[in-house]
> 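Input: one structure, supplied below.
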Amino acid sequence: MCRLTECTNASRAVRNSLLKELRAADAKELTALRSDVEAPVRALHKAQTENRQLRQQLAAPDPKVRSLPTQPRPRASRGRS
């Protein structure tokens with residue numbers, strides 16, 4: 001049987017070990033999430049930049065960009081509850 005202080009120190013050591021493992025796992029997961037987010041953010045930024053450039057060209061006095069005709073969209077019906 002262990003003394004109270006020995007048991008307390010042992011439980012602290014176990015807790016600290018578990019916390020270190022959890023921190024390491026969290027750090028690994030955060031790294032993976034950051035790398036997974038980079039590509040979509042880059043693509044979104046590129047699309048926004050191209051859209052802004054096209055809008056600026058379209059607003060110019062002699063635009064080199066032409067709008068394509070679109071099909072009319074049906075309106076979404078709103079049902080009453």
> Can you name the nearest heavy-atom pair linking Ser35 to Ala32, along with the distance?
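Closest approach of Ser35 to Ala32, heavy atoms only: OG-O, 2.9 Å.
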> Given a cutoff of under 4.5 Å between side-chain heavy atoms of I, L, V, M, F, W and Y, with clusters grown through shared members, what are the other residues clustered with Val14?
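When side chains under 4.5 Å apart are linked, the cluster holding Val14 also contains Leu18.
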> Got a second to check how far Leu22's CG is from Lys20's NZ, nearest 0.5 Å?
13.0 Å
> Who clusters with Val37? Use side-chain heavy atoms, under 4.5 angstrom, across I, L, V, M, F, W and Y, and order the result by chain and number.
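Besides Val37, the hydrophobic cluster comprises Val41, listed by chain and residue number.
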> If you measure from CD on Glu50 to NE2 on His45, what distance do you get to the nearest 0.5 Å?
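Going from CD on Glu50 over to NE2 on His45, the span is 11.0 Å.
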> Applying side chain to side chain contact (heavy atoms under 4.5 Å, CB included), can you list everything that pairs with Gln57, at least two apart in sequence or on another chain?
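With sequence neighbours excluded, Gln57 shows a side chain to side chain contact (heavy atoms under 4.5 Å, CB included) to Leu54, Val65, given in chain and number order.
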> Can you list everything that forms a side chain to side chain contact (heavy atoms under 4.5 Å, CB included) with Ser17? Sequence neighbours excluded, please.
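Partners of Ser17 by the side chain to side chain contact (heavy atoms under 4.5 Å, CB included) criterion, ordered by chain and then number, come out as Glu21.
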> Go through the structure and list residues passing side chain to side chain contact (heavy atoms under 4.5 Å, CB included) with Arg15, not counting sequence neighbours.
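Counting only residues at least two positions away or on another chain, Arg15 forms a side chain to side chain contact (heavy atoms under 4.5 Å, CB included) with Ser11, Arg12.
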> Go through the structure and list residues passing side chain to side chain contact (heavy atoms under 4.5 Å, CB included) with Arg73, not counting sequence neighbours.
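Arg73: no side chain to side chain contact (heavy atoms under 4.5 Å, CB included) contacts found.
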